[in-house]
Structures are given as C-alpha cells and as structure tokens.
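For reference, the structure discussed in these notes is given below.
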Amino acid sequence: MAQTQSSIWPEGRSFGLFLSHDIDQIHDRELCHVLATANHIRRILVQGESGRVALALRRLGRILFAPKPVEQDFQTILEIEARHGFRSTFFVLHDPYWSRNGPRYRLTCPELRRIADLIRKAGGEIGLHGGVSCFNRADLYRESRAALRAALGVEVEGIRNHLLQFSGPETWLAQEAAGFVYDATFGYSDRLGPRDGRTHPFFPVDPATGRTLKLVALPLTVMDVTLFRYLRMDGSAALEAAWTAIEPIIAAGGVVALLWHNNYFNDPEYRDWQATYEHLLERLSVRNPWCATGAEIAAWWRRRADVLDSKETEPS
Ligand SMILES: [Zn+2]
C-alpha cells in the first residue's frame, strides 16, 4: 500500500482511540450488588481475595443507606473524557431472557433514559451490550436492537457481547445478519493487548464461503477487569502494564480500544480503576489520537475500504 501509516486516520492523526463502557448495572442499591459486596468481604477474610475490607464495608454501608445517584458515574466518566475532548461509546445491556449474569435493570426504567440523554448530549454513542444467553442468534440480536429502539429511540450500530462471549465467525455472521455495523467483542478477558495481534480494525472473513463481511471488528486492547481482577494489579503496576499493551498499537498506527465499566467509578475501594483510566487518557491525549465513537471509527474504516477497493479496480 502506498499510503503511509500516519495517513490512515482522519485529520492526519497517527492512531485511533476508541473509549467504551459496558453498562452491566446502573443501580447502586440493588440486591445483587449487596450480595456481591458481602461475598467479596467474606472472600477477603476467608479465602484471601485481594481487596480492602474497610473500604468494602464502607461501600456496603453506602449501598444500603446512601446509594450513589444513578447518573453520578456517567457524569464522572463524561467529565474525565471531556477534559481531553474525547467521546465514547456506552453499551447498554439487554437480553430477552433472565439469567443470573444478565441485566439488572430494565430498558424502560426512567433512570436509563436520563443516562442516555447525558451520553447523547456529550456526543457519545449508545450501542448494545448483548449476547447474554445466546450469542450466535441473529433473531435475538434483532430483538435487542428493537428493544433499544423502542426504549431509547436509538438505532444501534455497534455491539459488544456481555462477558466477551464469542465463538468465531458464527458470532460475527449473526451480528451482521441482525444489522450491526461493527462488533467490539474481539479481545481477551484474562490478558492484555489485542487478540491475535490485531492492532487495526478489520473485516472478518467467513471461512465457509470466503466472503469478507461488511461488519467491522474493533479489537479490544485493555479492559479494567483484566488488569485489576484477573491479573490482580493495582496502582502504578496496572498503569504501566496497560501502557505496555497500548504503545505497540500507537507505534503501528492502529486503534487503541479501552473498556472501563461504569460501576467502578466513584468508589474508594476501586479508586485505582478510575485513576488508571484518568492517567491513561492523559497519556493518550499527549499522543494526539483520533478519538471517536465506535460507529464513527467503523464508518471511517468502511469508507476507507471502499476507496481502496475502487483504486484496486481502476483500469491502469
Ligand atoms: Zn457485561
């Protein structure tokens, strides 16, 4: 390709930045949150799970007696990102069937509508956090898209499956058939850096037919849970490990994709999670990325592919 790596992103920027948040829960005072926190305290005491008992107890008290206002974490995230002129994508969890790990809020609850308004006002995107019970069924993805359309008035273009559930091309084929423009699921939950070394957005190929899908895959670089839960890092170690995963993508002129969950903000026990996000954004901002929503990045990648295709088919 004759293009230099620095020319593949808009505005002459040398790499892309995709900030994202999976909304697994929105209510602080919620039975599962109470039980999970109580269990966490028990595991710290009995099984040596990492954590801080005093701070976890403080959280339990807060949940029970003075829960965080529902919008607070979203306001914090948007404020942190706005410091750098960044915008992000929020994936709203939906599944038609109840499951233990499924959504803990209804799409129709008025709080979610207020959150969606905040996101939209800030120029953010709303996508679907789906694939909870079945992640290879186009009909269920369609059902979720329709539910988000009815509840929030959005025509979602992007999806990330809950718990990064993914089984290869059949997941992408089902998502494409349901009308999604891009998928943000492709990544590791137990280690850092892009899956299969994929530093750039890409179009998956159906191995059965050899067809290149229209769906764009945006590979994940770093997720908060990977750093702090699976790898049990904290403070500066987490920041440096995340940065070590990010730097090669910047060097390759690819897309850096971060996933930070909303429910770990504004919580003393998880202050490292928030601080690491803030520090990563500061470092990234200095490197001057093209930061856009997932839909904007996918649209750019599609347009770019069309231009490259038409050049290839031009008579010489
Ligand atoms: Zn999730």
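As the structure lists them, so they are numbered: ligands from 1, and atoms in each ligand from 1. If you're wondering where the values come from, they're calculated on a predicted model, not measured in any experiment. The figures here come from the full heavy-atom set of this structure, side chains too, leaving out hydrogens, waters and symmetry mates.
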Query raised in the report: Are D73 and N266 linked by a side-chain donor-acceptor pair shorter than 3.5 Å?
Result: yes
Query raised in the report: What protein atoms of element N, O or S are positioned under 2.8 Å from the Zn ion (ligand 1)?
Result: D24 OD1, H129 NE2, H162 ND1
Query raised in the report: Going by distance alone, is a donor N or O of one side chain under 3.5 Å from an acceptor N or O of the other, for E282 and H84?
Result: no
**Report entry** Sequence-distant partners of H279, ring pair (Phe, Tyr, Trp, His ring centres under 6.0 Å), two or more places apart
**Finding:** none
Query raised in the report: Hey, are D267 and R59 close enough for a salt bridge, meaning a charged N less than 4.0 Å from a carboxylate O?
Result: yes
Query raised in the report: Between N161 and Y141, is any side-chain donor less than 3.5 angstrom from a side-chain acceptor?
Result: yes
Query raised in the report: From I23 CD1 over to I119 CD1, what is the distance, rounded to the nearest 0.5 angstrom?
Result: 4.5 Å
